[in-house]
K.L.:
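I'd like to ask you about the structure that follows.
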Number of protein chains: 2
Amino acid sequence: MSDRRANLHQVLRQRICLLDYAPGTRLSETDLAQEFGTSRTPLRRALARLEDEGLVRSLHGVGTIVTDIDLPEMDATYALREELAELAGILAPVPVSAKALATLDALIARGDTLRQGRDPRDFARLNLDYFLFGLSLTGNDALRETSERLYIRTARIWLHRLERLDLGEEIDIFLQEMHETRRALMIGDTRAAALIRRVHISMCRKRLLSGDLPG
Amino acid sequence: MSDRRANLHQVLRQRICLLDYAPGTRLSETDLAQEFGTSRTPLRRALARLEDEGLVRSLHGVGTIVTDIDLPEMDATYALREELAELAGILAPVPVSAKALATLDALIARGDTLRQGRDPRDFARLNLDYFLFGLSLTGNDALRETSERLYIRTARIWLHRLERLDLGEEIDIFLQEMHETRRALMIGDTRAAALIRRVHISMCRKRLLSGDLPG
DNA sequence: TCGCGCTGTGTTGTGCACAACTGTTCATCA
DNA sequence: TGATGAACAGTTGTGCACAACACAGCGCGA
């Protein structure tokens, strides 16, 4: 795929995941094409991919609409993400490298500065980068691709529900998890790092969704 | 998505998975459009989706080419599929219904007739339908979608490698697994059914890939 | 006043022509 | 003879015009 096209898709996806386009928003192909200085054709290619990812839905004669956040579906996705997180430490775990540790240190540093600014969007970006770092611990491509796909589907609700929680507290919990992960990786225990990640996702799921699920 | 468009995608995907289009085959947008009585535009939409699924790759000025089967990647995908198969019995298992048992019986019947005809393509279709039946045992949508996506990626190599094995023996093994699954479902043990499925995938992986993986 | 259909506006879907690009073939020249 | 490059055929990518469709608003009639 061309770089420009992949970029189009990524930019739109980020806007949806960062809630710049809230669920229910109608995206205009014409307007977006104009904004990106292109025609509708390549833009439609990007929207098509977003539709396959479940982030938008195109209806003939109506519009392209950002999908709603469906709580039961989000819960199911989180349940699966939990399991996949643990698998990252089991399927083809990659030996811990000095470079990986340096990357993690950089992420921790970003987390420290985050405690000052307390910007939810920055938090969301850091969360994504930390997630991608976690995926780098497995050599199983299929697992990486699958996990990322599922993450994209839950990123929105994470940010949306974050506003109901204590942002400072959430950042602290996040920092502690990164430190704990660092300790595990320092002694080369990739499996433990993956389990820490699973614990994190599980508690996130509880904090975000508890009390709002029907049944 | 329109039915016609979804259909286009499904037909092409099936052709690739059944090896009507072998890896390396160059697909002509113009020819395909003509065959389906449409223009290139909707056809390109279908090809785009196939590209996102990893079944084809479009190169500007060159063509749209059916991707090669990459053995290490297939192995990694199988490893993940194993785990997901077991998860189907753990995450939101669905109570066994009489209708589900009837469906399974119909599949077993198809397997019996397969022993006579011994057509690999029919075997492949039965394999897919049995796989989809297995997914119906979980209520977790994300798991279903993910598993199906991964299955699609391994369907080709399964059929390709099947020709090296004893087809009659493979059909017998397959029939035995379905019978075993039936016994598990008769006593309402969805979890056991999922484990049987995992065993099946694991042994399939070994039989198909053993001895050909580098390293 | 209510119901019905028409019409206007805006949206996505399709078809077509052309641009951009690649690989090949063949002629030309050192 | 080998190398080089220019022309060519064939492919995917892009832009644009129009078709197909949904919905809201309005007018008309019972």
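Chain identifiers are assigned alphabetically (A, B, ...) following the order of the sequence lines, protein sequences preceding nucleic acid strands; residue numbering begins at 1 within each chain.
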K.L.:
C:dC16 P sits how many Å from B:Arg40 CZ, rounded?
P.N.:
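Answer to the nearest Å: 12 Å.
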K.L.:
Identify which nucleotide among C:dG13, D:dG10, C:dG15 has an atom closest to any side-chain atom of B:Arg26, counting heavy atoms from C-beta outward.
P.N.:
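Closest of the options to the side chain of B:Arg26: D:dG10.
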K.L.:
Any side-chain to backbone donor/acceptor pair from B:Arg40 onto B:Glu29? Under 3.5 Å, distance only.
P.N.:
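No; judged by distance alone, with no hydrogens or angles, the pair does not exist.
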K.L.:
Under 4.0 Å, heavy atoms only, any strand: does B:Leu43 hit a base, just the sugar-phosphate, or nothing?
P.N.:
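Since no nucleic acid heavy atom lies under 4.0 Å of B:Leu43, the category is nothing.
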K.L.:
Calculate the interatomic distance between B:His60 atom NE2 and C:dC21 atom P; express it in whole Å.
P.N.:
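So the two atoms are 6 Å apart, to the nearest Å.
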K.L.:
In terms of side-chain heavy atoms, does A:Thr67 have a donor or acceptor partner in A:Arg153 at a distance below 3.5 Å?
P.N.:
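No.
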K.L.:
So does B:Thr41 reach the base of C:dG15 with its side chain, donor to acceptor, closer than 3.5 Å?
P.N.:
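Donor-acceptor pair under 3.5 Å: yes.
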K.L.:
Please classify the nucleic acid contact of A:Ile65 as base, sugar-phosphate, or nothing, using heavy-atom distances under 4.0 Å.
P.N.:
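Result for A:Ile65 = nothing.
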K.L.:
Can you work out whether B:Gly61 or A:Gly61 has the more 5'-proximal nearest nucleotide on DNA chain D?
P.N.:
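So the residue in question is B:Gly61.
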K.L.:
What residues from residues 29-39 of chain B pass a heavy-atom cutoff of under 4.0 Å to DNA chain C?
P.N.:
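When residues 29-39 of chain B is checked for heavy atoms under 4.0 Å from DNA chain C, the hits, listed by number, are B:Thr38, B:Ser39.
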K.L.:
Output yes when A:Glu169 and A:Arg207 qualify as a salt bridge under the 4.0 Å nitrogen-oxygen rule, no when they do not.
P.N.:
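Salt bridge absent between A:Glu169 and A:Arg207.
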K.L.:
Nearest of D:dG10, C:dT22, C:dC21 to any side-chain atom of B:Val62?
P.N.:
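For B:Val62, the side-chain atoms sit closest to C:dT22.
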K.L.:
Would you mind reading off the distance between B:Leu47 atom CG and D:dG13 atom C1', rounded to a whole angstrom?
P.N.:
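Answer to the nearest Å: 13 Å.
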K.L.:
D:dA22 C1' sits how many Å from A:Arg57 CZ, rounded?
P.N.:
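Interatomic distance, CZ of A:Arg57 to C1' of D:dA22: 15 Å.
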K.L.:
Filter on side-chain hydrogen bond (donor to acceptor under 3.5 Å, both in side chains), then keep only pairs touching residues 14-24 of chain A, sequence neighbours left out; what's left?
P.N.:
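side-chain hydrogen bond (donor to acceptor under 3.5 Å, both in side chains) check on residues 14-24 of chain A returns A:Arg15-A:Tyr21, A:Arg15-A:Glu35, A:Asp20-A:Arg121.
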K.L.:
Only one of B:Glu177, B:Glu83, B:Glu82, B:Glu86 passes salt bridge (charged side-chain N to carboxylate O under 4.0 Å, His left out) with B:Arg197; say which it is.
P.N.:
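So, applying the salt bridge (charged side-chain N to carboxylate O under 4.0 Å, His left out) to B:Arg197 and each of B:Glu177, B:Glu83, B:Glu82, B:Glu86, only B:Glu177 qualifies.
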K.L.:
Rounded to whole Å, please give me the gap between NE2 in B:His9 and P in C:dG13.
P.N.:
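Going from NE2 in B:His9 over to P in C:dG13 covers 16 Å.
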K.L.:
Over how many whole Å does the gap from B:Arg45 atom CZ to C:dT12 atom P extend?
P.N.:
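It works out to 14 Å between those atoms.
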K.L.:
Any donor-acceptor pair under 3.5 Å linking the side chain of A:Thr25 with the backbone of A:Ala22?
P.N.:
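Checked: pair present.
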K.L.:
Keeping to residues at least two apart or across chains, list the ring pair (Phe, Tyr, Trp, His ring centres under 6.0 Å) pairs with something in residues 141-161 of chain A.
P.N.:
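Qualifying pairs, neighbours excluded: A:Phe123-A:Trp158, A:Phe131-A:Tyr151.
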K.L.:
Quick one: B:Arg44 CZ to C:dT14 P, roughly how many Å, whole number?
P.N.:
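About 14 Å, once rounded to whole Å.
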K.L.:
Just the rounded figure in Å: distance from P of D:dG15 to CG of A:Leu8.
P.N.:
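Whole-Å distance recorded here is 10 Å.
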